[in-house]
Enquirer: 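Before I ask anything, let me first share the structure, which is written out below as structure tokens.
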Amino acid sequence: MDDYIKGLNDPQREAVLHKDGPIMIIAGAGSGKTRVLTNRIAHLIGTGVPAYNILALTFTNKAAGEMRLRIEKIIGDKAKDIWMGTFHSVFAKILRFEADKIGYTSSFSIYDTDDSKSLIRSIVKERNLDDKVYKANVVLNRISGAKNRLISYREYLNNPIYAEDDRAYRRPEIGRIYKIYQERAIKSNAMDFDDLLFNTNILFRDHPAALQKYQQKFKYLLIDEFQDTNLSQYLIVRRLAAAHHNICVVGDDAQSIYAFRGADIQNILNFEKDYPTLQTIRLEQNYRSTKTIVKAANSLIAKNKAQLQKDVWTSNEDGNLIRLFKAMSDNEEGKMVAQSIFEEKMQHQLGNNDFAILYRTNAQSRSIEEALRKANIKYKIIGGLSFYQRREIKDLISYLRYTVNHKDEEALKRIINLPKRGIGNTTLQKVLATAYESELPLWEVISNIRKYVTGRATTAIAGFAELIKKFEDASTKLDAFETASLVAKESGLLKDLYEDKTIEGLSRYENVQELLNAIKEFVDNPDNQEKDLSAFLQEVSLATSADEAEDDGEEKVTLMTIHAAKGLEFQQVYVVGLEEELFPSQMALSSRNELEEERRLFYVAITRAEKKLTLSFATSRYQYGRIKNCEPSRFLKEIDPRFLEQGQGKTNAANHVNTSFVKNLRPQRSAPAQNFTHKPSPNFKPSDTRNLQAGMKVEHLKFGLGMVKAVKAHNNDRKAVIAFEKAGEKTLLLSFAKLKIHE
DNA sequence: CGCCTGGTTCGACCT
DNA sequence: GAACCAGGCG
């Protein structure tokens with residue numbers, strides 16, 4: 001037993017040794033939560049609980065994998081039998097087993113956000129609604145919000161509150177769209193992300209035998225990052241725990257940052273009501289950060305009203321004060337950060353891995369990346385456009401999805417004319433309309449196209465149907481990798497890419513190869529019990545951006561959003577873009593709840609740092625291609641100034657920024673300048689010249705995408721693209737205002 | 001049908 | 001700046 005509790009403090013030990021009954025662990029930032037969780041699971045198994053009776057729900061699949069490895073180190077191979085993963089991946093797996101009970105087949109597709117939005121767009125169009133009012137994003141958010149609260153479309157349509165609300169926003173048709181969306185998804189044998197949880201609830205609600213089976217299987221439940229579960233997720237675990245009440249939740253209300261997708265702090269607050277015998281343990285000692293960082297974080301989060309009483313402390317050293325950089329522009333901010341990282345590496349013999357740069361939005365990475373590249377500092381970006389979102393990858397995946405599931409309408413739309421085989425939108429619409437009107441399955445219409453539709457494109461469609469039949473046939477005889485290779489080749493996708501000799505085309509080709517490699521690995525991995533194509537597709541659809549492995553052995557600075565940084569720690573952390581309307585974001589300003597969530601987000605960012613923390617903001621920044629003036633974030637003023645460099649005794653942090661750094665970082669002069677000599681043609685219409693200033697010099701001309709030349713101008717610190725010139729047509733000049741001048 | 005292009009719009013964060 | 005769309009033309 002000593003093995004499990006060696007070196008733990010009292011509350012940690014208590015959390016590990018507690019075995020039966022409900023327990024809630026409130027784990028402050030850096031309080032050794034992962035260690036407690038792993039040791040607790042190891043202890044359960046060590047005291048006789050079979051590994052397959054344990055279900056551990058984590059926030060990312062990567063976190064699950066790492067935890068499994070750590071448990072394996074303690075108890076060995078048995079750890080393989082623990083069910084571990086995200087809510088979505090675990091319950092998708094269960095739904096595959098039980099699909100027939102809820103009107104699906106086990107090869108159901110998982111719609112990603114793009115698929116969902118595309119489906120909504122077609123419904124809005126079919127119903128002749130105004131797509132300015134019924135924007136796909138808005139509608140999807142509304143539907144998603146309902147599903148996360150377990151409101152079906154029937155309930156939605158019958159609920160006067162929703163109807164009232166939608167009418168107030170002049171979107172009365174949302175309930176109808178929800179209904180059609182859902183019917184269409186079922187017809188396509190497809191579930192979106194929210195359906196995975198929603199349908200699990202339905203399964204457990206309507207099929208007591210199934211529920212019982214999983215209750216008996218999962219005798220011990222552990223839920224990590226409990227503060228970020230939504231109602232739908234919570235009800236699933238509550239149902240599962242109903243038989244044994246062995247439920248352990250771990251979370252920190254101060255780190256709840258996913259309210260926007262339905263996470264509900266009430267889950268933590270209500271937990272005690274649902275489990276009166278609940279034992280609550282608080283882990284308040286921080287092992288990660290310096291006193292300065294812990295206290296600064298506390299001083300910030302104290303401004304929030306809605307929170308559980310907690311006193312996070314540390315016995316670590318005081319450490320450095322928190323640095324604050326003020327930059328003139330986002331580009332300069334990048335330079336300061338790059339320069340600072342360079343210096344820190346030199347002074348303290350650190351590697352790139354010791355640094356992380358965190359930002360509020362993915363778009364902010366651009367200026368930072370540029371600066372790091374110029375400074376020759378290797379970096380990696382977590383998140384952003386993921387591998388699986390790339391066009392060529394989605395193309396092949398759509399083929400695979402359609403091969404496995406002929407009902408998958410969104411996949412069909414993507415591939416039916418890819419590569420071009422002369423099936424245009426008109427034809428596609430005709431086929432879809434035929435299927436809807438005669439209430440036939442899509443595949444029935446496509447595979448017997450001449451029976452239903454006449455016209456030129458029928459030959460092309462018949463050819464397409466042959467192709468798909470061939471793929472389907474292959475999938476029954478070959479393994480997932482062989483099938484996918486065949487599909488890539490015979491569909492013509494690979495050939496298209498191969499013939500594209502541009503740099504872009506080359507990398508696309510490589511990406512497809514990489515996807516095939518991934519499938520090969522999946523097939524060869526002995527830990528995977530199911531190796532068919534749909535198992536692979538399921539895994540791929542639910543891969544988190546944080547899951548993407550990228551390991552060429554080189555040390556790199558990590559760039560990511562704060563959301564993606566949850567659960568991670570770095571010796572030195574830079575939080576950039578601390579400007580009002582960016583962080584906190586514009587939209588959060590009007591609502592106190594949202595403002596408090598932004599504050600928690602900043603709290604998460606600060607508490608990622610072990611030794612040194614640097615905050616920065618710019619006084620101007622690009623947005624939608626134009627310059628925006630920025631004010632320092634209110635959050636900077638909320639940190640107790642005693643913990644900020646040069647902050648003694650003053651109240652306004654932003655006024656005593658360390659500016660010594662700025663002097664060394666004047667923008668460098670580049671490229672020979674020449675006077676701007678272009679004469680605007682009669683067609684010249686200056687649409688936006690806000691960034692165009694007197695005295696600007698033309699820096700260089702650029703051949704951009706296609707046939708367009710860009711004329712760029714700059715003076716000392718402003719840079720602007722002021723015109724595009726169409727090749728061949730002398731001087732059709734349009735005016736734009738941009739800051740970017742490189743490349 | 002398919003390509004080109006000019007116009008328009010954009011509420012971040014993630015499964 | 002990028003993604004998406006409508007409209008025009010070969």
Side-chain angles (χ1 to χ4, degrees), chain A residues 59-61 85-92 110-114 116-118 121 125 131-132 135-138 141 144 147-148 191-197 228-230 232-233 257-263 358-364 366 382-386 388-389 391 417 420-428 455-457 460 538 540-547 560-566 577 581-591 594 597-598 600-601 604-605 622-626 683 685 687 704-708 710 721 724 726 729 732 734 736-740:
Chain A
F59 205 71
T60 63
N61 292 306
T86 63
F87 270 92
H88 287 88
S89 66
V90 164
F91 294 111
I110 297 174
Y111 275 0
D112 67 13
T113 311
D114 286 341
S116 299
K117 281 198 243 176
S118 149
R121 266 192 287 269
K125 200 174 268 179
D131 58 6
K132 301 266 179 333
K135 286 182 202 150
N137 241 333
V138 173
N141 278 339
S144 170
K147 283 183 189 169
N148 286 334
M191 299 189 201
D192 66 20
F193 292 132
D194 304 314
D195 288 336
L196 293 172
L197 306 172
D228 285 322
T229 52
N230 60 37
S232 180
Q233 292 169 322
I257 54 174
Y258 280 96
F260 71 89
R261 68 173 204 213
L358 309 182
Y359 35 77
R360 180 67 182 84
T361 72
N362 278 307
Q364 288 166 255
R366 200 219 79 227
I382 311 283
L385 192 61
S386 93
Y388 293 108
Q389 310 257 50
R391 197 184 70 195
N417 198 27
K420 301 262 179 302
R421 45 173 78 89
I423 306 172
N425 198 257
T426 329
T427 312
L428 177 62
R456 301 183 45 154
Q538 179 191 299
V540 155
S541 319
L542 298 175
T544 329
S545 55
D547 294 334
M560 62 188 145
T561 63
I562 301 167
H563 282 91
K566 192 165 80 157
E581 296 187 2
L582 177 61
F583 192 12
S585 83
Q586 167 74 53
M587 309 112 229
L589 294 178
S590 56
S591 133
E594 283 189 64
E597 173 147 323
E598 295 278 304
R600 290 193 295 268
L601 195 56
V604 169
Y622 276 106
Q623 202 175 36
Y624 298 146
R626 52 179 74 95
N683 295 338
K685 31 174 188 169
S687 61
L705 294 173
M707 315 278 281
V708 178
V721 173
F724 281 115
K726 239 167 97 185
E729 295 175 26
L732 172 64
L734 297 169
F736 290 94
K738 310 255 159 104
L739 209 108
K740 207 165 117 185

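The chains referred to below are lettered A, B, ... by the order of the sequence lines, with proteins before strands, and numbering in each begins at 1.
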Enquirer: Report the distance from atom CZ of A:Arg366 to atom C1' of C:dG1, rounded to the nearest whole Å.
Expert: 9 Å
Enquirer: Of A:Gly424 and A:Gln586, whose closest DNA chain B nucleotide lies nearer the 5' terminus?
Expert: A:Gly424
Enquirer: Answer with yes or no whether the side chains of A:Asp194 and A:Ser144 bring together a donor and an acceptor at under 3.5 Å.
Expert: yes
Enquirer: Does this structure show an ion pair linking A:Asp228 with A:Lys566, if we count only N-O contacts that are shorter than 4.0 Å?
Expert: yes
Enquirer: Would you mind reading off the distance between A:Arg121 atom CZ and B:dT9 atom C1', rounded to a whole angstrom?
Expert: 13 Å
Enquirer: Determine the contact category for A:Asp112: base if any of its heavy atoms lies under 4.0 Å from a base atom, sugar-phosphate if only primed atoms, P, OP1 or OP2 are that close, otherwise nothing.
Expert: nothing
Enquirer: Taking only N and O in the side chain of A:Lys135, is any of them less than 4.0 Å away from OP1 or OP2 of B:dT9?
Expert: no
Enquirer: Between A:Gln389 (CD) and B:dC13 (C1'), how many Å, whole number?
Expert: 14 Å
Enquirer: Do the side chains of A:Asp131 and A:Lys125 get close enough for a salt bridge, i.e. N-O under 4.0 angstrom?
Expert: no
Enquirer: Check the orientation of A:Phe193 and A:His88. Use parallel for under 30°, tilted for 30 to 60°, and perpendicular for over 60°.
Expert: perpendicular
Enquirer: Can you check the A:Lys117 NZ to B:dC14 P distance for me, whole Å?
Expert: 13 Å
Enquirer: Just how far, in rounded Å, is C1' of B:dC14 from CG of A:Asp192?
Expert: 14 Å
Enquirer: Classify A:Asp194 by what it touches in the nucleic acid, base, sugar-phosphate, or nothing, heavy-atom distance under 4.0 Å.
Expert: nothing
Enquirer: Examine B:dC14: is either OP1 or OP2 under 4.0 Å from a nitrogen or oxygen in the side chain of A:Thr561? Give yes or no.
Expert: yes
Enquirer: P atom, C:dC4 versus B:dC13: distance in rounded Å?
Expert: 15 Å
Enquirer: Among the nucleotides C:dA6, B:dC14, B:dT9, which one has an atom lying closest to any side-chain atom of A:Lys125?
Expert: C:dA6
Enquirer: So, does A:Lys566 get its side chain near the phosphate of B:dC14, meaning an N or O under 4.0 Å from OP1 or OP2?
Expert: no
Enquirer: For A:Val138 and for A:Thr113, find the nucleotide of DNA chain B with the closest heavy atom, then tell me which residue's nucleotide is more 5'.
Expert: A:Val138
Enquirer: Taking the side chain of A:Glu594 as its heavy atoms from C-beta onward, which of B:dG2, C:dA6, B:dA12 lies nearest to it?
Expert: B:dA12
Enquirer: Only one of A:Ile257, A:Leu358, A:Thr561 forms a side-chain contact (heavy atoms from CB on, under 4.5 Å) with A:Leu601, so which one is it?
Expert: A:Ile257
Enquirer: With sugar-phosphate meaning primed atoms plus P, OP1 and OP2, does A:Gln364 contact a base, only sugar-phosphate, or nothing at under 4.0 Å between heavy atoms?
Expert: nothing
Enquirer: Could you tell me how far apart A:Tyr111 (OH) and B:dC14 (C1') are, to the nearest whole angstrom?
Expert: 21 Å
Enquirer: Nearest-Å distance, CG (A:Asn137) to C1' (C:dC4)?
Expert: 13 Å
Enquirer: Between P on B:dC14 and CD1 on A:Ile257, what's the gap in Å once rounded to a whole number?
Expert: 9 Å
Enquirer: Taking the minimum atom-to-atom distance to the side chain of A:Lys132, which one of B:dC3, B:dA12, B:dT9 wins?
Expert: B:dT9
Enquirer: When the aromatic ring centroids of A:Tyr359 and A:His563 are compared, is their separation below 6.0 Å?
Expert: no
Enquirer: Ring stacking, A:Tyr258 with base of B:dC13, under 5.5 Å and under 30°?
Expert: no
